[in-house]
There are 2 protein chains.
Amino acid sequence: MNQRGTLTRQRIVEAAMAMLDESQDRQFSMRKLAAQLQVDPMALYHHHKNRHALMGEVMLALMAECEIPPATGDWRQDIRAICQAVRQLARRHPGSFRAFVVFEQWVPSEHRVNEALYTALLSAGFSKVATVRAVRLLIAYVESFAVDEITGWLEPLTREDRENLAADLSGGAFPATASLLETIVRPDADAEFVFGLDVLIAGLDGVRASA
Amino acid sequence: MNQRGTLTRQRIVEAAMAMLDESQDRQFSMRKLAAQLQVDPMALYHHHKNRHALMGEVMLALMAECEIPPATGDWRQDIRAICQAVRQLARRHPGSFRAFVVFEQWVPSEHRVNEALYTALLSAGFSKVATVRAVRLLIAYVESFAVDEITGWLEPLTREDRENLAADLSGGAFPATASLLETIVRPDADAEFVFGLDVLIAGLDGVRASA
DNA sequence: ACCTGAACACCGTTCAAGT
DNA sequence: ACCTGAACACCGTTCAAGT
């Protein structure tokens with residue numbers, strides 16, 4: 001069992017990220033991680049101060065992996081590409097990405113993503129205030145969408161979920177929702193993501209002059 | 001200690017919601033809740049199947065409390081008012097709202113909020129598909145914003161956070177971010193929320209014809 | 001019907017000890 | 001320097017028992 005010398009900060013971070021991504025419903029724990037690394041639980045604490053610190057390093061590695069495309073000169077295209085890159089990262093690392101969104105602390109490698117968005121918007125002529133607000137809005141959108149997607153909210157509803165929904169609506173209290181039932185049960189993730197980007201970009205274009 | 005007969009489903013739900021909202025960082029647990037209710041931890045399980053079920057009831061009560069304003073006939077105004085109502089709910093119940101956003105299950109009382117948004121958009125002439133997508137987009141925005149706000153991301157940065165950020169940017173790798181430093185450290189939550197709504201509404205208006 | 005209490009299988013983390 | 005093992009203060013939940 002003794003793995004003396006084989007345990008490193010990086011090996012722990014990689015194993016933690018893999019465990020987060022693989023554990024669909026059962027969750028990550030320091031003790032399970034140690035077991036997988038075939039090491040005493042307390043060995044981890046020699047390399048990382050505590051669970052939170054380790055998670056911080058996982059988040060750092062996660063965001064560092066985001067493949068930000070080079071700027072093209074077209075801010076609309078750049079924003080679309082950057083948002084798609086974040087979405088792809090979430091799909092590649094669903095568990096870690098979920099933990100990242102909930103992680104209430106600044107992760108330095110986020111700077112890379114923000115910098116790319118800031119650059120695109122400033123080059124498009126947005127004011128400083130509008131740029132900062134627009135980036136938070138874009139990040140909020142892409143993170144929410146990505147979490148919805150990896151959680152399964154953008155897949156067609158199961159027969160059971162669909163029946164539960166229909167039952168909720170059968171009282172007649174929600175006529176608008178009921179009229180949309182067929183649309184609600186059959187989402188299209190790709191099209192919906194593009195729809196959101198279209199709305200945001202058109203909206204940003206609209207407020208550019210006035211902001 | 002014996003509170004025989006005084007424990008009800010509703011009393012447990014109310015106490016759980018209060019505990020979630022008050023516990024800033026230390027978190028909710030079934031055992032702490034029982035202690036506060038001066039009851040054996042296991043007494044709770046007589047009224048609620050398990051922790052998840054209890055949380056579901058808290059979420060139900062939370063969303064039922066959202067004060068949705070009556071429709072005015074102006075879809076733009078209605079959407080603004082509904083989103084502000086959700087934001088106010090989050091401010092009133094920060095801990096419960098955070099739990100709600102992470103709660104990976106449908107909460108029936110959400111129908112009320114969705115119905116109001118669906119009604120506004122359908123009346124504005126949006127197609128079914130555009131309406132369903134727009135509502136998810138609006139909800140994603142308001143939930144993200146509200147969580148950011150109650151987490152403290154929209155307050156002026158502390159001196160320490162500001163210095164950490166400046167240190168991150170001192171290497172020159174993020175020139176756009178550095179140029180925005182003064183704006184980043186001093187957010188304005190109210191103005192930012194309205195900015196987001198402006199962008200979304202302008203954007204929805206823009207895609208209405210083409211969707 | 002409603003509550004208790006012991007018990008089980010878990011957590012994160014501290015601290016003293018081993019090599 | 002790096003890892004172990006016992007221990008502490010927690011979890012959620014089951015199950016048998018009390019009233």
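Sequence lines set the chain letters: A, B, ... in the order given, protein chains first and strands last, and positions in each chain run from 1.
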Using a strict threshold of under 4.0 Å (side-chain N to carboxylate O), is an ion pair present between [Y] and [X]?
X: E104(A); Y: R98(B); answer: yes
X: R133(B); Y: D198(A); answer: no
X: K128(A); Y: E182(B); answer: no

Residues at least two apart in sequence or cross-chain that pass side-chain hydrogen bond (donor to acceptor under 3.5 Å, both in side chains) with E160(A), listed by chain then number, are none
Row check, F145(B) ring normal vs R87(B) NZ/CZ: under 6.0 Å, within 45°: no
Is there a donor-acceptor pair closer than 3.5 Å between any side-chain N or O of R76(A) and the backbone N or O of I201(A)? no
Under 3.5 Å: donor-acceptor pair, side chain of D21(A), backbone of S96(A): yes
Spell out protein contact along nucleotides 6-15 of chain C as letters: B when the base is contacted, S when just the sugar-phosphate is, - when no protein heavy atom is under 4.0 Å; keep the 5' to 3' order. BB---BBBB-
Length of the line joining Q38(B):CD and dT4(C):P, which is rounded to integer Å: 11 Å
If a pair means Watson-Crick or G-U wobble with both distances below 3.5 Å, what does DNA chain C look like in dot-bracket form, with | marking bases paired to a different strand? ||.|||||...|||||.||
Taking the side chain as everything from C-beta on, heavy atoms only, tell me whether H52(B) gets closer than 4.5 Å to F103(B). yes
Using OP1 and OP2 only, check whether a side-chain N or O of H46(A) sits under 4.0 Å from dT4(D). no
